[in-house]
There are 2 protein chains.
Amino acid sequence: MVLFDLLGRRWALGILWNLSAEALTFRELQSRCDTVSPTVLNTRLKELRTAGLVEKAESGYVLTGAGTALFQHLEPLGDWAADWTRSL
Amino acid sequence: MVLFDLLGRRWALGILWNLSAEALTFRELQSRCDTVSPTVLNTRLKELRTAGLVEKAESGYVLTGAGTALFQHLEPLGDWAADWTRSL
DNA sequence: TCATGTCGCTATTAAAAACGTAGCAATATC
DNA sequence: GATATTGCTACGTTTTTAATAGCGACATGA
């Protein structure tokens, strides 16, 4: 499963999550992701870009069509996660 | 996002995926996961078990109720991933 | 024009995680 | 008692992530 390999890297899911709402600059993204190191952020962004899930726009980094489609499958997971976290 | 932190670790998604269909023993799981090292597999299993997503049964490792619920949200992602992989 | 600030990102060094292989203890099978 | 399988640990190596500093490009304002 190629996708799981890509998403199973640190911050990959978080980056998609944060970009889903709005375009973010590198530094904005960095501060949203609980201070991920710039090295890792840049590496993940490169990976996500070559995977065609994220791209660069004037306003910053944004999800591509594929990225948005992926997020739509990921989104219900967020709601579920909230309940689940509470039950730990 | 606690869930993303847990799932954003190597093999975590793959383990859930493989356990979704049937119960698997440690070694079965190991061979399904493209020869993940036993060290990592055991670490992931511990994490997933304390997270209440996976548990041990007679027949091997299985998803808990929460694990199954999570997988149901994850499943459509698999179909999507197949199409997406093709379009790379 | 020159200081000041922000931005995207690289460099570097250190710590943590994952890998790969060997193998042990326990249980089952013969 | 010999052999095999299972779950898992040990351990040395490689890869990934973290943490921090800071550079070059560009904007702003004095």
Side-chain angles (χ1 to χ4, degrees), chain A residues 1-64 67 70 74 81 88, chain B residues 1-64 67-68 70 74 81 85 88:
Chain A
M1 194 66 69
V2 182
L3 181 66
F4 286 174
D5 182 50
L6 179 63
L7 297 185
R9 291 169 138 86
R10 234 150 247 168
W11 296 113
L13 285 165
I15 289 171
L16 293 177
W17 190 265
N18 280 300
L19 286 184
S20 67
E22 52 182 335
L24 293 173
T25 67
F26 190 92
R27 299 223 175 187
E28 281 169 345
L29 202 45
Q30 197 179 351
S31 67
R32 303 271 180 122
C33 289
D34 197 27
T35 66
V36 57
S37 73
T39 321
V40 176
L41 178 56
N42 193 39
T43 308
R44 275 311 91 76
L45 282 172
K46 276 180 190 162
E47 292 167 356
L48 292 171
R49 285 169 75 185
T50 60
L53 297 173
V54 167
E55 66 188 352
K56 240 177 160 176
E58 282 186 41
S59 46
Y61 288 99
V62 291
L63 295 186
T64 62
L70 171 58
L74 236 42
L88 283 184
Chain B
M1 195 65 69
V2 183
L3 181 66
F4 286 174
D5 181 51
L6 179 62
L7 297 184
R9 290 169 139 88
R10 232 150 248 168
W11 298 113
L13 284 166
I15 289 170
L16 292 177
W17 190 265
N18 280 300
L19 287 183
S20 67
E22 52 183 334
L24 293 174
T25 66
F26 191 92
R27 299 225 174 187
E28 281 169 342
L29 202 45
Q30 197 179 352
S31 66
R32 304 269 181 124
C33 288
D34 196 27
T35 66
V36 57
S37 74
T39 320
V40 176
L41 179 56
N42 192 39
T43 307
R44 274 309 90 77
L45 282 172
K46 275 180 192 164
E47 291 167 356
L48 292 171
R49 285 170 74 186
T50 60
L53 297 173
V54 166
E55 65 186 355
K56 241 177 158 174
E58 282 187 42
S59 47
Y61 287 99
V62 291
L63 296 186
T64 62
T68 307
L70 171 59
L74 236 42
T85 305
L88 284 182

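In what follows, chains carry the letters A, B, and so on, assigned in the order in which the sequence lines appear, proteins first and then strands, with residues in each chain numbered from 1.
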Working to the nearest 0.5 Å, report the span between [atom1] of [X] and [atom2] of [Y].
{"X": "Leu41(B)", "Y": "Arg32(B)", "atom1": "CG", "atom2": "CZ", "answer": "13.0 Å"}
{"X": "Trp11(B)", "Y": "Leu45(B)", "atom1": "CH2", "atom2": "CG", "answer": "13.0 Å"}
{"X": "Leu53(B)", "Y": "Leu48(B)", "atom1": "CG", "atom2": "CG", "answer": "6.0 Å"}
{"X": "Leu16(B)", "Y": "Leu6(B)", "atom1": "CG", "atom2": "CG", "answer": "8.0 Å"}

*Answer yes or no: is there a donor N or O on one side and an acceptor on the other, between the side chain of Asn42(B) and the main chain of Pro38(B), under 3.5 Å?*
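No, because the side chain of Asn42(B) does not come within donor-acceptor range (under 3.5 Å) of the backbone of Pro38(B).
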
*Does the Thr64(B) side chain pair with the main chain of Glu55(B), one donor and one acceptor, at a distance under 3.5 Å?*
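Side chain of Thr64(B) to backbone of Glu55(B): no pair is present.
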
*Within less than 4.0 Å of OP1 or OP2 of dA18(C), is there a side-chain N or O belonging to Arg44(B)?*
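Indeed, a polar side-chain atom of Arg44(B) lies that close.
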
Starting at [atom1] of [X] and ending at [atom2] of [N], how long is that distance when rounded to a whole Å?
{"X": "Leu29(A)", "N": "dC7(C)", "atom1": "CG", "atom2": "P", "result": "13 Å"}
{"X": "Asp5(A)", "N": "dT16(D)", "atom1": "CG", "atom2": "C1'", "result": "13 Å"}
{"X": "Glu47(A)", "N": "dT15(D)", "atom1": "CD", "atom2": "P", "result": "15 Å"}
{"X": "Arg10(A)", "N": "dA17(C)", "atom1": "CZ", "atom2": "P", "result": "6 Å"}
{"X": "Asp34(A)", "N": "dA18(D)", "atom1": "CG", "atom2": "C1'", "result": "12 Å"}
{"X": "Trp11(B)", "N": "dC19(C)", "atom1": "CH2", "atom2": "P", "result": "7 Å"}

*Which parts of nucleotides 25-30 of chain C does protein reach within less than 4.0 Å, heavy atoms only, written one letter per nucleotide 5' to 3' as B for base, S for sugar-phosphate only and - for none?*
------

*asked:* Strictly under 4.0 angstrom, non-hydrogen atoms only: write out the protein contact profile of nucleotides 3-14 of chain D, one letter per nucleotide from the 5' end, B, S or -.
replied: ---BBBBBB---

_Residues which pass side chain to side chain donor-acceptor pair (under 3.5 Å) with Glu28(B), listed by chain and number, not counting sequence neighbours_ =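 Glu28(B) satisfies side chain to side chain donor-acceptor pair (under 3.5 Å) with Thr25(B) once adjacent residues are dropped.
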
*Looking only at heavy atoms, which two atoms of Ser59(A) and Ala23(A) are closest? And how far apart?*
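It is OG-CB, 3.5 Å.
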
*Assign the ring pair Phe26(B) / Tyr61(B) to parallel, tilted or perpendicular, where the plane angle (0 to 90°) is split at 30° and 60°.*
tilted

*Return the nearest nucleotide to the side chain of Arg9(A); candidates are dA18(D), dA18(C), dT17(D).*
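Looking only at heavy atoms from C-beta outward on Arg9(A), the closest nucleotide is dT17(D).
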
